[in-house]
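Structure first, commentary second.
In this text the structure is predicted, and so the values were computed from the model without any measurement. Per chain, numbering begins at 1; letters A, B, ... match sequence-line order. Note: hydrogens, waters and symmetry copies are ignored here, and every other heavy atom, side chains too, is used.
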Amino acid sequence: ELKVEQNPLFLSMQEGKNYTIYCNYSTTSDRLYWYRQDPGKSLESLFVLLSNGAVKQEGRLMASLDTKARLSTLHITAAVHDLSATYFCAVETSGSRLTFGEGTQLTVNP
Amino acid sequence: SAVISQKPSRDICQRGTSLTIQCQVDSQVTMMFWYRQQPGQSLTLIATANQGSEATYESGFVIDKFPISRPNLTFSTLTVSNMSPEDSSIYLCSVAGSRYEQYFGPGTRLTVT
């Protein structure tokens with residue numbers, strides 16, 4: 001059974017600081033997704049990482065994938081309050097099915 | 001990207017009743033899925049909605065409890081049957097796009113009393 005683990009689960013950080021969220025998974029997969037969820041809202045797609053070594057950046061967020069280590073990271077640079085949300089990684093398996101991590105609840109404090 | 005709508009957006013239902021949730025996509029898609037997000041939890045895949053055939057259910061989910069229809073390439077329904085308070089969740093449909101993207105609908109927030 002595929003397991004997807006995120007850490008930390010809760011992250012409180014100050015504006016302007018940098019931090020990294022980690023996503024480990026237990027079986028081979030070449031496709032990994034990052035989503036953002038605001039309270040009471042659906043999921044917003046942030047990144048899809050398609051191969052080993054993939055790196056994608058959008059604004060203050062950068063995601064990377066190491067399929068050999070079965071690890072993805074979501075790096076936050078110079079955090080701002082608007083980034084406060086819950087972030088999920090999800091690993092794709094056969095049939096385009098997604099297995100989600102537990103989510104990281106990020107709070108950025110002024 | 002695909003635009004997905006769901007109906008209803010929320011509902012409060014009594015124990016023992018059933019609710020059917022609709023998912024409409026603005027373009028034809030091959031793969032459609034139903035997920036559940038229990039309060040404060042992550043998302044769990046319920047089933048893959050297959051067009052023209054029976055849905056494929058994940059471990060722990062059964063057709064009698066969560067019957068799914070997929071009459072065409074743009075529409076699917078999920079029924080939550082014989083509801084109990086433990087079924088209170090957000091139910092989301094999703095589709096796999098053409099460029100390795102997966103999009104989620106706005107969700108249906110279900111409360112069972």
Side-chain angles (χ1 to χ4, degrees), chain A residues 1-10 21 23-25 27 29-52 54 56 58 63 65 67 72 74 85-107, chain B residues 1-10 21 23 25 29-51 53-61 68 70 89-111:
Chain A
E1 179 189 345
L2 171 61
K3 292 191 188 306
V4 182
E5 295 181 342
Q6 286 182 236
N7 74 82
L9 300 183
F10 298 93
I21 299 170
C23 174
N24 289 90
Y25 54 99
T27 193
S29 175
D30 288 333
R31 211 164 289 159
L32 189 139
Y33 299 76
W34 284 96
Y35 291 92
R36 168 182 171 145
Q37 186 177 40
D38 291 292
K41 304 288 188 182
S42 185
L43 274 71
E44 173 191 353
S45 178
L46 295 175
F47 303 108
V48 53
L49 302 169
L50 299 176
S51 61
N52 186 42
K56 289 197 173 179
E58 180 75 31
L65 178 62
T67 59
S72 180
L74 180 67
T86 298
Y87 293 84
F88 291 97
C89 65
V91 175
E92 184 176 310
T93 56
S94 62
S96 301
R97 293 142 64 228
L98 295 183
T99 300
F100 281 80
E102 307 98 318
T104 297
Q105 187 174 318
L106 171 66
T107 303
Chain B
S1 67
V3 176
I4 305 171
S5 60
Q6 286 185 233
K7 290 182 184 179
S9 58
R10 60 178 63 227
I21 302 167
C23 177
V25 189
V29 293
T30 304
M31 310 293 287
M32 288 182 77
F33 308 90
W34 287 98
Y35 288 82
R36 179 176 75 181
Q37 186 175 27
Q38 293 177 299
Q41 305 286 317
S42 184
L43 282 80
T44 302
L45 178 62
I46 298 171
T48 302
N50 301 309
Q51 195 265 327
S53 65
E54 212 168 82
T56 305
Y57 290 84
E58 298 299 310
S59 176
F61 297 96
I68 288 171
R70 177 92 191 268
S89 296
I90 300 172
Y91 293 86
L92 302 104
C93 75
S94 78
V95 302
S98 57
R99 295 196 300 171
Y100 307 111
E101 294 160 320
Q102 293 213 21
Y103 304 102
F104 283 80
T108 295
R109 186 179 296 268
L110 171 63
T111 302

### S42(B) (side chain) donor-acceptor with G103(A) (main chain) under 3.5 angstrom
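No, the answer is negative, given that no donor and acceptor are paired below the 3.5 Å cut-off.
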### Query
Got a donor-acceptor contact below 3.5 angstrom from the S42(A) side chain to the G105(B) backbone?
yes
#### Entry: Q105(A) versus chain B, the contacting section by heavy-atom distance below 4.5 Å
neither
### Query
Is it the side chain or the backbone of L98(A) that comes within 4.5 Å of chain B heavy atoms, both, or neither?
both
[atom1] of [X] to [atom2] of [Y]: how many Å apart, nearest 0.5 Å?
| X | Y | atom1 | atom2 | answer |
| --- | --- | --- | --- | --- |
| L43(A) | Q102(B) | CG | CD | 11.0 Å |
| F100(A) | Q37(B) | CZ | CD | 8.5 Å |
| S96(A) | M32(B) | OG | CE | 13.5 Å |

#### Entry: Considering all heavy atoms, the nearest F33(B)-R97(A) contact
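Of all heavy-atom pairs spanning F33(B) and R97(A), the closest is CE2-CG, 4.1 Å.
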#### Entry: CD (E101(B)) with more than 12 external heavy atoms under 6.0 Å
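Atom CD in E101(B) is crowded, with more than 12 foreign heavy atoms closer than 6.0 Å.
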### Which of E1(A), E102(A), E92(A), R31(A) touches chain B most, by non-hydrogen pairs under 4.5 Å
R31(A)
## Note on the structure
Bottom line for L43(B): the part with an atom under 4.5 Å from chain A's heavy atoms is both
#### Entry: Heavy-atom pairs under 4.5 Å with chain A, option from S59(B), A96(B), P106(B), S94(B) with the top count
P106(B)
